[in-house]
Amino acid sequence: MTARKTPETLRSARWFAPDDLRGFGHRSRMMQMGYAPKDWVGRPVIAILNTWSDINPCHAHFKQRVDDVKRGVLQAGGFPVELPGISLAEQYVKPTTMLYRNMLAMDVEELLRSHPVDGVVLMGGCDKTTPALLLGATSAGLPAIYLPAGPMLRGNWKGRILGSGSDAWKYWDERRAGTITDADWLNMEAGIARSHGTCMTMGTASTMTAIAEAIGMTLPGASSIPAPDANHVRMSAECGRRIVEMVWEDLTPGRIQTREAFLNGIAVAMAMGCSTNAIIHLIAQARRAGQEIGLDDFEAASRKVPVIANVRPSGDTYLMEDFFYAGGLPALMTRIRDHLHLDAMTVSGRTLGENIAGAEVYNDDVIRGVDNPIYAEGALAVLKGNLAPDGCVIKPSACDPRYLKHTGPALVFDDYPSMKAAIDDENLDVTADHILILRNAGPQGGPGMPEWGMLPIPRKLVKQGVRDMLRLSDARMSGTSYGACILHVSPESYIGGPLALVKTGDMISVNVAERTISLDVPDEELERRRAAWVRPEPRFERGYGWMFTRHIKQAHEGCDFDFLETSFGAPTGEPAIY
Ligand code: FES
């Protein structure tokens, strides 16, 4: 049983209580901002880590929501302070937000460590912001509660429902094939994103916020509330109220993020038909929490937990708005309760089992029963073989079943620009049986492992009606993507992984049921190629990129910086106040 905090034992009291010169400075500067001692004395100081920016459409409403969080903090007797964090807008940050996930995580950790705060509300949602905020808060070790931005409303075009990303890819292929007009394309552009909030397909954003809830880092139901819904305003205020009590309870991430909590996250990810990105982020987060979670845990869950969320792209009809109306994540968790550790603690101060007690499914087609799933096995499969000794990943629930067992010749592209230049060439020597390969797109090679893994279908095949084919890379792909894309090949080609040795025309065999992938080239020939392989030029000579390439870990290890993992040593302690 952890002792309740008292006003004297609050962390912030180290700054504000001492009758010395430093204490004088801290208090006088608070008064400079118009606060009086009754604003802070004896009250938990709550950081609100806001990842709003003028160029992040997924977080546009955070400019207002932060006031709702503050309202809750004040109601509960806390003192709110807004701390802006880096805003990683998935659509705009190049070459990829993944290059900066760890930067935001460091930003969060050091902001919390260096300021006089007792707890934090983390405001995020757009893809990498969820794992980044949670990674940083986990290492900082203060009581923390996560407020997801919430998905945007359904897209609409000519009365048809459009899903973020998924329908953009789909109709882009139609445009390349010449089957839709320029005017239709422009109207789609205006209709696919109709409100603020995160992508409303089961992309990385909805995957990661659902996992955050399953791990116990959000209040019950928080992850599925649409961003414009009044419920989201009320949830924001509730996070503010609850974090104050969490500070008194000293309910830190370390008391919530147990191995069982992460296993709950994995089970929910599978049932949701999750983004492949979930693997990388969850492994990194677990390692920050000092828990051993690896590809084998995903593989084990994949064999047991069916996909029951009928949400695109694994599902064929519904979006996150429908999922919310069907009961949201608590309802889904009741359906897979046999796969969950229900006694895991959550930020609500109650167990996961207590949180979902009484939750109901209101639409059995959106949230299916385990005996009527949309895919009988889990969303992801981990393949291993001589081409990926440390594993690679496919999302079988979102690809044409005929590619789940396939042998075909490789068509290799050494980088994204050369692939882009060739893919629309009508004379490209390619058939639907080929396996398209993109390399030098991994954590170091990309750099930052961009979401390039859903390689475009060659235009000549699109015109023939081909809409899926096997693609293989050390890149990631967007959670809104779909198709027979094998991703995260580890170790990556840029550092000399076997993918670097493949030549166009080599035969490659994939068997998802057996979880295997093999390059059908004799070992002696591979040795000859390895001896002739030349390591590519370094991507960066200076700055953050220089540090990134020296310290980033591989995909199967979560792509954290080696020096941030707990295995490197305990996080830096409390700052001295001189
Ligand atoms: Fe922000 Fe998709 S672009 S969640």
Side-chain angles (χ1 to χ4, degrees), residues 50-63 65 85-101 104 122-134 146-155 161-170 172 188-213 218 222-229 232 269 272-278 280-281 309 311-314 319-321 323-324 329 395 398 448-454 476-482:
N50 191 355
T51 52
W52 169 86
S53 90
D54 255 338
I55 194 162
N56 192 335
C58 305
H59 297 183
H61 53 313
F62 278 171
K63 201 170 186 177
R65 290 294 186 278
I86 306 164
S87 187
L88 298 177
E90 190 65 27
Q91 296 288 358
Y92 295 116
V93 173
K94 305 296 177 191
T96 163
T97 51
M98 189 61 188
L99 188 62
Y100 301 107
R101 183 199 71 181
L104 175 54
L122 305 160
M123 300 178 71
C126 190
D127 288 22
K128 312 307 176 293
T129 58
T130 300
L133 290 165
L134 288 168
Y146 189 71
L147 171 60
M152 67 177 97
L153 299 176
R154 299 181 196 100
I161 292 169
L162 294 180
S164 311
S166 305
D167 278 316
W169 317 121
K170 181 173 130 189
W172 177 238
M188 227 177 270
E189 208 167 275
I192 197 166
R194 296 171 44 236
S195 77
H196 45 247
T198 50
C199 292
M200 73 327 228
T201 38
M202 186 50 66
T204 304
S206 295
T207 293
M208 294 313 302
T209 54
I211 288 172
E213 181 169 339
T218 79
S223 64
S224 4
I225 305 171
D229 195 304
H232 196 271
M272 294 286 275
C274 65
S275 157
T276 44
N277 287 320
I280 293 176
H281 300 317
V311 177
R312 302 184 205 174
S314 291
L319 295 169
M320 287 304 293
E321 193 179 339
F323 183 74
F324 174 64
L329 196 68
K395 188 171 181 176
M449 221 181 161
E451 293 185 338
W452 292 337
M454 184 186 172
R476 297 174 300 116
M477 77 172 181
S478 164
T480 63
S481 300
Y482 52 86

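The basis for the numbers below is simple: all heavy atoms, side chains too, and nothing from hydrogens, waters or symmetry mates. FYI, the numbering just counts along the sequence from 1. Read the numbers this way: they start at 1 and go in the same order the structure lists the ligands and their atoms.
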| Where does the angle between the aromatic ring planes of His61 and His232 fall among parallel (under 30°), tilted (30 to 60°) and perpendicular (over 60°)? | tilted
| field | Between Arg476 and Thr204, a side-chain donor and acceptor under 3.5 Å | value | no
| task | Using a cut-off of 2.8 Å, find all protein N, O or S atoms closer to atom 1 (Fe) of ligand 1 than that distance. | result | Cys58 SG, Cys126 SG
| remark: d(His196 NE2, Met152 CE) to nearest 0.5 Å is 10.5 Å
| said: Ignoring hydrogens and geometry beyond distance, is a side-chain donor-acceptor pair present between Ser166 and Tyr482 at under 3.5 Å? | reply: no
| Spacing of OG belonging to Ser53 relative to NZ belonging to Lys63, to within rounding of 0.5 Å | 10.0 Å
| remark: Tested for side chain to side chain contact (heavy atoms under 4.5 Å, CB included) against Met272, the lone hit among Val311, Ile211, Leu329 is Leu329
